[in-house]
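Within every chain, numbering begins at 1; the chains are lettered A, B, ... in the order of the sequence lines, protein sequences first and strands thereafter.
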Amino acid sequence: MRSAEIRRRFLAHFEANGHTVVPSAPLPFDDPNLLFVNAGMVQFVPYFIGQQAAPFKRATSVQKCIRTQDIEEVGKTTRHGTFFQMNGNFSFGDYFKAEAIKLAWELSTKSQDDGGFGLDGDRIWATVYFDDEEAIDIWHRVIGLPMERIVRRGKADNFWSMGIPGPCGPCSELFYDRGPDYGPDGGPEVDEDRYMEFWNLVFMQNERGAGSTKDDYPILGELPAKNIDTGMGMERMAALLQGVDNLYEIDETRPILDKAASLTNKRYGEHSGHAANQSHPDDVRLRVVADHVRTALMLVGDGVTPSNEGRGYVLRRILRRAIRSMRLLGWDDRALPELFPVARDCMSASYPELATDFERITMIAYSEEETFRRTLAAGTTIFDTAVTAVKASGASVLPGEQAFKLHDTYGFPVDLTLEMAAEHGLSVDTEAFHRLMTEQRERAKADSKANKSAHGNSPAYRQLRDLGETIFIGYTDLTTETAVRGIVADGELVTRAKEGQIVEVVLDETPFYAESGGQIADEGLITGDGALLRVLDVQKPLKGLIVHRVEVAEGEIGTGAVVHAQVDPEWRRSARQAHSGTHIMHAALRQVLGPTALQSGSYNKPGYLRLDFAWGSALNEATKRDVEEVSNRALRADLAVTVQHMPLARAREIGALALFGENYDTDVRVVEIGGPWSRELCGGTHVDHSSQVGALTIVGESSVGAGVRRVEAFIGLEAMRYLANERALVNAVSETLKVPPAEIGDRVSTLVERLRTVEKELERNRVAAVLAGAGALASQAQEVAGKQLVAVQAPAGVAGNDLRTLALNIRGRLDQSRPAVVVLTSDVDGRVHFVASVNPSGQQAGVSAGALVKEFAPVLGARGGGKADLAQGAGGDPSKAADALAVVVRSLSASA
RNA sequence: GGGGACGUAGCUCAAUUGGCAGAGCACUGCCUUUGCAAGGCAGGGGUUGAGAGUUCGAUUCUCUUCGUCUCCA
């Protein structure tokens, strides 16, 4: 049975049993503590912890998940994959243990003809928490599972919590016996390879307290509303139903593996035993490729782009690991263009957007491979020099420091270092390498820990949020009378704030828009009770909590005070223009460049907007003009801006654009400009008609990373002012150059050209003037101790580099077969500049320009120095020049 | 968020305790040669990313800033 069919049957089974089908949340999730969604229940957490009322009693989903903690183990074992899909069913205070167990059992064992998975019930085992008699009873008496296939397990295996105080509870896991080929008898306690876990049922029934370790915490009491959270591993079920050993061999990954094998002329499984730990390194590499390529496809599909931090870094690592695994298999060409289309064909049955979005996805992924190839090329040269150095020193071990530096600074993977070192007959000090890696890891960890305790998720916010949601009325009103619900100073709840303090204030309701969706926070005032608060920033640290950072400009403010909140209307008007302008620019970009140019981030504030979008190359002038033209035509057309609320699914149906990485509620706000002309999910504040935006002018276009470009524009009055400025500038230049504006370009380039020629000419003349006296000075050469010596005062005003040129020229005029020494001084604005130069013959005779300078410079009271062939310096008293030159003569005759 | 490295001619890169900014390829001209990565000679091309500091003197050292690459969290 194919994975897509497993998915379909799963959802159908639970939908038929009263569950609402909820689409998968995007992988990048709106939670600072979570890089990616890593379990099916993540998007339902607010319902489980009671922060929000669940809109449905029962839900089911197939959730995309990513786990990278064990990325090094991928391919080596059968159980680790970086991407997987968790099929789940959830109950929020509705059905509990009996129903959950029954639903799971039914679907697992129902015959395939009847829409089930058709597993043999006699080969299913269940584990339960050791004292969960209720679950044991259900398994045995209701389902009919014999007692010998019900296994009691401890807290580590069969008790679930989120790792922090909150809901928790026992679990029950379903295992399938894959038969004696896979390992010894005896159930999951003996061998979890033969007995494969495929479904975990969590019975959320208790409250847990704080604890020190993973399974050391008190279980406090029973929850008032009990919940069910289950997870059936899609890949595991697929492996069972497709009769393959592991998740790398199911229908959604095996074709990628086969493609990699055929490219590299490998035969998968040729050298490996049946058990996972008997895998040949090539087989491990093939599995890594299959796993990582699929994961990367899903990540890029969900809007993640490679970068050097956060989510983007995880993606980069995965892509690069895939590429270098191919390299280790012997494939040096571009690998991703061969593999991504295969991965797309594997996954698009369940995720059709991968096919429609494929051009954008590959643009990002392939350009990352190009970047990596450049990195590898640079690293290889550095590697080669390191190897030559090691060989030259007669050693046979490449130091760990070298391997670490290659990895840390130049991004050259250590496994490639190992492989290439071996080709040169060298080993690598891996112990030192790992020590350095650990040091770096600890540095980063210590830092992030120090950072977390500093600010982060303050409990004060949580307390305030528990008092209820802040009501946002800013879509319709800019002022309101309301009460101060709480004040936070330095992360602590306080009751009062004095004049001059900067604190955070939470109100019962607010017209202030908190920064989100790229729109900057509102500015304005909060007054009342004799106090005047200037609003500096507005943020939403928790869902449903709006926090105003304010400066207490006058008076004092206390909790409970009735205040008047007033958004600056001018500010808001401009902010609305900018935000609507962003949508218009986005639509215009997609109209001109095609649907690939999808927004990946934005920022807008009064008068200004910035939009990042997926695109591989710089926009030329004509394209920028086109985008501007389309945008401004939309403004002129005076399109109506409308806002409506609808279910997320409906919004997707009508093609509303959703931003990557944003987490949307099931009920979303859709902003339309001219109906279908621009349709985006957005919580921002907008104008009523596009003409109110006024004007839009692009002022910059740049790159923000591989495959992402950024446009910046001015909006409304700012756009007009910008253009007016430009016009004034052009007029000024036109007037100065005395040419019409249209001819400025030509005029400037001829001017620059001419200036350059004249400067060259001037330079030549100056040098010629300096060198004019060279012959005369050279003729003043004297013989001192068998050496030619020119030690003279050059004309005044010949400074630094010119003096050097002169000295070298004079030196060139002397007999090169014999030692020649030139020392010149010059009076430059009351300071002496001097140069000494010795020809090669003179250096051989033991005369050093540097040493000479050190001898006579003190006579002048100056400093200088240099090398044997040339030395120079400056400073001191010009009247001592003759004395200094005399020192030179004495020194030369003495050295003879 | 923390660490490392790099910004030099159109491109790829040099420049030994701070002391004449170079090479190869590309470009222009001439010569040689009937051509398909030809040879010779000559030449043009630089604000050493930007700004400040230390110094007689900074591509080199220090600080700031911008950009690129990279590792870790």
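The base-pairing partner of B:A5, taking Watson-Crick or G-U wobble contacts with both distances under 3.5 Å, is B:U68. Across all strands shown, B:C63 forms a Watson-Crick or G-U wobble pair, both distances under 3.5 Å, with B:G51. Across the strands present, B:C30 finds its partner in B:G40; the criterion is a Watson-Crick or G-U wobble pair with both atom distances under 3.5 angstrom. B:U16: no Watson-Crick or G-U partner with both key distances under 3.5 Å is found in any strand. Both distances falling under 3.5 Å, in either a Watson-Crick or a G-U wobble arrangement, place B:C11 opposite B:G24. For B:G35, there is no paired nucleotide, since no Watson-Crick or G-U wobble pair has both relevant distances below 3.5 Å.
Note on A:T375: every side-chain N or O is 4.0 Å or more away from OP1 and OP2 of B:C69. Listed pair A:R316 / B:U70 meets the phosphate criterion, a side-chain N or O lying under 4.0 Å from OP1 or OP2. Within the structure, every side-chain polar atom (N or O) of A:R374 is placed at least 4.0 Å from both OP1 and OP2 of B:U12.
Rounded to a whole Å, the CD atom of A:Q402 is 16 Å from the C1' atom of B:C71. In this structure, CZ of A:F36 is placed 14 Å from P of B:A73, rounded to the nearest angstrom. At whole-Å resolution of the value, CG in A:N308 and C1' in B:G4 are 12 Å apart. Look at CD on A:E442: it is 12 Å from C1' on B:A73, rounded to the nearest Å. Rounding to whole angstrom units, CG of residue A:L436 and C1' of B:G3 are separated by 13 Å. Atom pair A:Q440:CD and B:G1:P shows a separation of 16 Å (rounding to whole Å applied). Look at CG on A:L315: it is 13 Å from P on B:U70, rounded to the nearest Å. Atom-to-atom, CD of A:E368 to C1' of B:U70 comes out at 11 Å; the value is rounded to the nearest Å.
Between B:U32 and B:U68, the distance separating the two C1' atoms is 45 Å to the nearest Å. The separation of B:G10 from B:A73, taken at their C1' atoms, amounts to 41 Å, rounded to a whole angstrom. Between B:U17 and B:U60, the two P atoms lie 14 Å apart (nearest whole Å). Of the P atoms belonging to B:G22 and B:U33, the separation is 34 Å, rounded to the nearest Å. Between B:U62 and B:A21, the two P atoms lie 22 Å apart (nearest whole Å). Distance check on atom C1': B:A37 versus B:U47 gives 36 Å, rounded to whole Å. Spacing of P atoms, B:G7 relative to B:A15, comes out at 10 Å, to the nearest Å. For the P atoms, the distance linking B:C63 with B:C6 amounts to 14 Å, nearest Å.
Salt bridge A:K540/A:E515: absent, no basic N to carboxylate O contact under 4.0 Å. A salt bridge links A:E368 to A:R320: at least one charged side-chain nitrogen sits closer than 4.0 Å to a carboxylate oxygen.
Of the N and O atoms on the side chains of A:Q793 and A:T825, not one donor lies less than 3.5 Å from an acceptor on the other residue. Remark: the A:S817 side chain and the A:D815 side chain contain an N/O donor-acceptor pair separated by less than 3.5 Å. Side-chain contact of A:Q872 with A:R804: a donor-acceptor pair under 3.5 Å is present, judged by distance alone. No side-chain donor from either of A:R818 and A:S841 sits under 3.5 Å from a side-chain acceptor of the other. Using modelled atom types, one finds a donor on one side chain and an acceptor on the other under 3.5 Å when comparing A:Q440 with A:D408.
A residue-by-residue look at A:A378 and A:L870 shows that A:A378 has its nearest nucleotide of RNA chain B further toward the 5' end. Residue order along RNA chain B, read from the 5' end via each residue's closest nucleotide, puts A:K867 first among A:K867 and A:L808.
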Show the distances under 3.5 angstrom between N or O atoms of the protein and N or O atoms of nucleotides 54-60 of chain B.
residue: B:C56; atom: OP1; partner: A:R863; partner atom: NH1; Å: 3.3
residue: B:C56; atom: O4'; partner: A:A874; partner atom: O; Å: 3.1
residue: B:C56; atom: N1; partner: A:R863; partner atom: O; Å: 3.3

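Taking 4.5 Å as the limit, every side-chain heavy atom of A:I382 sits out of range of all side-chain heavy atoms of A:F412. Side-chain atoms of A:N38 and A:F36, non-hydrogen and from C-beta on, never get closer than 4.5 Å to each other.
Residues of residues 404-412 of chain A having a heavy atom closer than 4.0 Å to RNA chain B, listed by number: A:H407, A:D408, A:T409, A:Y410, A:G411.
Among the atoms of the strands shown, base atoms are found under 4.0 Å from some heavy atom of A:D869. Note on A:G310: a base of the nucleic acid sits closer than 4.0 angstrom, heavy atoms only.
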Pair A:F834-A:F856, ring-ring contact (aromatic ring centres under 6.0 Å, His included): steps then yes or no: CA-CA 10 Å; A:F834 54 85; A:F856 73 76; 5.3 Å; yes
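Picking from B:C20, B:A73, B:U70 the nucleotide with the shortest atom distance to the side chain of A:R320 gives B:U70. Minimum atom distance to the side chain of A:R443 is reached by B:G3, of the listed B:G3, B:C20, B:C69.
Within a 6.0 Å sphere centred on CG of A:D829, heavy atoms belonging to other residues, nucleotides or ligands number 12 at most. A 6.0 Å sphere centred on NZ of A:K624 holds more than 12 heavy atoms belonging to other residues, nucleotides or ligands.
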